[in-house]
Amino acid sequence: MAVYDLKLLDCTLRDGGYVNDWKFGFDGARDIIKQLTKANIDVVEVGFLRNVEDYDPNITVCNYIEELNRLLPENTENTIYSAMAMRSNYDINKLSPYSGRGIEMIRITAHDYDIEDGMDFAREVKAKGYKLSINPINIMGYSDERILWIINQVNQIQPYQFSIVDTFGSMKRRDLDRIVSLVDNNLDRNIRVALHLHENMSLSCCLAQNFIDKHLKRAVAVDGSLMGMGRIPGNLPIELIADYANDYAGKAYDIDFLMDAINEYIAPIKGTSEWGYAPAYFLSARYNLHRNYSEHYLTKGDLTNREINHILSQFTYSKKAVFDVEYADSLYEAYKNNQIDDSEAWEKLKKELFGKNILVLAPGSTIRTHKEIIEQFIIQNRPIVIGTNFIPQDYKVDFAFFSNNKRFSKVELPACKVIVTSNLTSGCPDFKINYNSVSGAFVQGCNSLIMLLKLLKNIGVTQINLAGADGYKVDAGNYYSNTIKSSTVHDNKFNLAVKEAIHNLRVTVDFITPSEYNK
């Protein structure tokens, strides 16, 4: 089989570092580089050049290239080494001229809003003697006309390499065909074309194979990382494309050394910090949006993937590429606040709940472990029992309050009266109230318990009994049932925020089961 000029670049220590804050450890980073070198990977990217305060040998982000060079092995085989620098966060004056040793390629990157300055940045890097790779962020966000402008600039600069970077993972096969054709037909033949993919749509390996199979009559390259390590959902796994290149491109990458590096260093990280395909990141890719938007909505903890899809579909073009938390929250609040006339619902609720003894059941594990105490309280006090975002199987409840569609969608035939907030559009509840009339009392966003307490306060309930509001403990069974377990990770700061919110509501709450909110 004929060998053509294909190179693989591993970016584990740079792009993969988003997962672990680049804390690979000095010895760990050196060994990963050594294993990749022994595997015959053509280019190993050893880290970021960034403006940082101090040099930390255990982190692969540095001010000076000499600091990254300390990670390189004595025997470099046929591998070359690279670093990445972004125009907006690196002072080019810190970069020493290439000495003929160590890192010899610098990959520069810039956003669409500073791409012109990025080209000047690229010229300065090349003038210092390095192999230059120009990697514009999010090529899928550019029009064909703008891509041609970029290519014209690249042809003038004459870098070693130009990269097609699918930053938001939104590229499909036909997108790849179109953009590769546009680049290949207009970029000078002596400039290598590289491809950098993400795993939002679980297409990275398929697209990379397709790119290799084009057999462009020019030098090409493909980026990847060990086990696909990178910001969720991750990158192209380099071991997969290396195996494909061995089979169909006449390459000779040693997969054993890649497996050793994964087993020793990457798999243990994935055990605590998952990456890989996830539906919410597919949705951000679907609309070619910055991945932080999906991540932001996931942390809200009260949105289904369907709801995230609906919110993301409303983004204006100008807000897609750069994460804007205020804009994201404005769409979230607008979605949640499906304004309705709820005056009749409030009047009916007031008639049924005002002046009554109330027991609120939250879905903590203590409503199972302290069942006898709760049942004794119900027998002695005969309260109106209200479930919060769930209807427990072991207790008879009079009402259930829902503000979270993920929980409400699981309720089929409730044997009690149901109160929902206006953002929930399905089902046939007995009472529907405006979301914004009970929100805003919790600094970290939406919390159904706080919303229910605010509702009861607004009705005029002054005495509330609370069970199952346990708070969150690390490595503990925090929920009454695994079927209602939240995907949102909480910590003690969350507990303190809930405690403060309850206090600020100025309602009397008696905890009849143990709670972190009552300490």
Side-chain angles (χ1 to χ4, degrees), residues 2-11 14-15 41-45 79-80 82 84 104-110 112 115 118-119 122-123 125-126 130-198 203-225 235-236 238 241-242 244-245 248-251 253:
V3 178
Y4 74 107
D5 195 350
L6 163 69
K7 293 187 184 299
L8 294 189
L9 180 148
D10 181 88
C11 57
R14 196 271 307 169
D15 210 356
I41 297 300
D42 305 284
V43 185
V44 175
E45 192 157 76
T79 298
I80 69 171
S82 74
M84 177 169 276
E104 61 180 288
M105 182 161 75
I106 304 295
R107 302 206 298 165
I108 71 97
T109 186
D112 56 355
I115 190 66
M119 293 301 172
R123 290 183 177 93
V125 169
K126 185 181 178 185
Y130 293 91
K131 284 184 171 71
L132 169 68
S133 177
I134 297 177
N135 300 38
I137 291 171
N138 186 27
I139 201 164
M140 288 287 288
Y142 288 103
S143 65
D144 287 0
E145 181 181 10
R146 192 62 169 163
I147 293 174
L148 289 173
W149 178 88
I150 291 173
I151 293 172
N152 180 57
Q153 295 293 305
V154 173
N155 286 338
Q156 293 178 36
I157 297 170
Q158 287 291 302
Y160 170 78
Q161 177 175 283
F162 173 77
S163 286
I164 296 169
V165 182
D166 182 26
T167 304
F168 300 149
S170 55
M171 185 178 284
K172 298 178 181 177
R173 186 182 59 79
R174 292 186 180 182
D175 299 315
L176 177 73
D177 291 344
R178 175 180 61 83
I179 292 175
V180 169
S181 177
L182 192 62
V183 172
D184 187 44
N185 286 310
N186 291 279
L187 189 71
D188 284 359
R189 309 305 301 176
N190 58 300
I191 302 172
R192 185 181 297 270
V193 174
L195 182 66
H196 184 97
L197 300 163
H198 291 123
L203 288 174
S204 66
C205 196
C206 176
L207 292 175
Q209 291 178 14
N210 183 269
F211 178 69
I212 290 172
D213 289 346
K214 290 180 181 297
H215 286 269
L216 302 178
K217 300 196 182 309
R218 64 159 73 239
V220 297
V222 176
D223 295 1
S225 61
N235 299 307
L236 166 67
I238 197 165
I241 201 61
Y244 186 82
Y248 298 104
K251 304 297 286 187
Y253 300 112

*Asks:* Excluding sequence neighbours, so at least two apart, what forms side chain to side chain contact (heavy atoms under 4.5 Å, CB included) with Q156?
*Replies:*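 For Q156 the side chain to side chain contact (heavy atoms under 4.5 Å, CB included) partners, ignoring immediate neighbours, are R123, N152, Q153.
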*Asks:* Only pairs at least two apart or in different chains count here, so list each salt bridge (charged side-chain N to carboxylate O under 4.0 Å, His left out) that has a residue in residues 141-168.
*Replies:* E116-R146, D144-R178
*Asks:* Using the ring-ring contact (aromatic ring centres under 6.0 Å, His included) criterion, which residues pair with F162? Sequence neighbours excluded.
*Replies:*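 For F162 there are no ring-ring contact (aromatic ring centres under 6.0 Å, His included) partners, ignoring immediate neighbours.
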*Asks:* Could I get the full list of side-chain hydrogen bond (donor to acceptor under 3.5 Å, both in side chains) partners for S170, not counting sequence neighbours?
*Replies:*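 S170 satisfies side-chain hydrogen bond (donor to acceptor under 3.5 Å, both in side chains) with N288 once adjacent residues are dropped.
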*Asks:* Using a 3.5 Å cut-off and no angle test, enumerate the donor-acceptor pairs between side-chain atoms of residues 188-197 and protein atoms at least two apart in sequence or in another chain.
*Replies:*
| unit_1 | atom_1 | unit_2 | atom_2 | d |
| --- | --- | --- | --- | --- |
| D188 | OD2 | Q158 | NE2 | 2.6 |
| R189 | NH1 | D184 | O | 2.8 |
| R189 | NH1 | D184 | OD1 | 3.2 |
| R189 | NH2 | D184 | OD1 | 3.4 |
| R189 | NH2 | K217 | O | 3.1 |
| N190 | ND2 | Q158 | OE1 | 2.7 |
| R192 | NE | Y160 | OH | 3.4 |
| R192 | NH1 | D5 | OD1 | 3.1 |
| R192 | NH1 | V220 | O | 2.9 |
| R192 | NH2 | D5 | OD1 | 3.1 |
| R192 | NH2 | D5 | OD2 | 3.1 |
| R192 | NH2 | Y160 | OH | 3.4 |
| H196 | ND1 | D223 | OD2 | 2.8 |
| H196 | NE2 | D15 | OD2 | 3.1 |
| H196 | NE2 | H198 | NE2 | 3.2 |

*Asks:* List the steps, then state whether side chain to side chain contact (heavy atoms under 4.5 Å, CB included) holds for R107 with L132.
*Replies:* CA-CA 6 Å; R107 302 206 298 165; L132 169 68; over 6 Å; no
*Asks:* Could you tell me the separation between the CG atom of L207 and the CD1 atom of I212, rounded to the nearest 0.5 Å?
*Replies:* 11.5 Å
*Asks:* What's the spacing between I241 CD1 and K251 NZ if we round to 0.5 Å?
*Replies:* 12.0 Å
*Asks:* Mind checking side-chain hydrogen bond (donor to acceptor under 3.5 Å, both in side chains) for K126 and listing every partner two or more places apart, or none if nothing turns up?
*Replies:*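 Counting only residues at least two positions away or on another chain, K126 forms no side-chain hydrogen bond (donor to acceptor under 3.5 Å, both in side chains).
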*Asks:* Working to the nearest 0.5 angstrom, can you tell me the gap between I157 CD1 and M119 CE?
*Replies:*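 The distance works out to 5.5 Å.
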*Asks:* Applying side-chain hydrogen bond (donor to acceptor under 3.5 Å, both in side chains), can you list everything that pairs with S133, at least two apart in sequence or on another chain?
*Replies:* N135, Q161
*Asks:* Quick one: closest heavy-atom pair of L182 and I151, and the distance?
*Replies:* O-CD1, 3.9 Å
*Asks:* Please identify each residue that fulfils salt bridge (Lys or Arg N to Asp or Glu O under 4.0 Å) with K7, with sequence neighbours left out.
*Replies:*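 Counting only residues at least two positions away or on another chain, K7 forms no salt bridge (Lys or Arg N to Asp or Glu O under 4.0 Å).
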*Asks:* From D112 CG over to T167 OG1, what is the distance, rounded to the nearest 0.5 angstrom?
*Replies:* 10.0 Å
*Asks:* List for me each residue that meets ring-ring contact (aromatic ring centres under 6.0 Å, His included) alongside Y142, sequence neighbours excluded, and say none if there are none.
*Replies:* none
*Asks:* Which pairs pass side chain to side chain donor-acceptor pair (under 3.5 Å) with one or both residues in residues 203-214, sequence neighbours excluded?
*Replies:* D177-K214, E199-S204, D213-Y244
*Asks:* For a quick test of reading the model, state the closest non-hydrogen atom pair linking A221 to L6 and the distance between them.
*Replies:* CA-CD1, 4.3 Å
*Asks:* Which heavy atom in T79 sits nearest to a heavy atom in I41, and how many Å separate them?
*Replies:*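 Looking at all heavy atoms of both residues, the shortest contact is OG1-O, 2.7 Å.
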*Asks:* When you compare the side chain of I179 with that of I139, does any pair of heavy atoms fall below 4.5 Å?
*Replies:*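 The answer is yes; the side chains approach within 4.5 Å.
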*Asks:* Kindly determine whether V183 and I164 satisfy side chain to side chain contact (heavy atoms under 4.5 Å, CB included), including the steps that lead there.
*Replies:* CA-CA 9 Å; V183 172; I164 296 169; 4.1 Å; yes
*Asks:* Of all residues at least two apart in sequence or in a different chain, which pass the side-chain hydrogen bond (donor to acceptor under 3.5 Å, both in side chains) check with D42?
*Replies:*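 Y253.
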*Asks:* Can M84 and I108 be said to form a side chain to side chain contact (heavy atoms under 4.5 Å, CB included), step by step?
*Replies:* CA-CA 6 Å; M84 177 169 276; I108 71 97; over 6 Å; no
*Asks:* Could you give the distance from OG (S82) to CD (E104), rounded to the nearest 0.5 Å?
*Replies:* 9.5 Å
*Asks:* For residues 168-191, pull every pair meeting ring pair (Phe, Tyr, Trp, His ring centres under 6.0 Å), keeping only residues two or more places apart or in separate chains.
*Replies:* F168-H290
*Asks:* Once you round to the nearest 0.5 Å, how far does CG of L9 lie from OG of S163?
*Replies:*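 That separation rounds to 8.0 Å.
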*Asks:* On a heavy-atom basis, which atom in P136 and which in I150 lie closest, and how many Å separate them?
*Replies:* CG-CG2, 4.1 Å
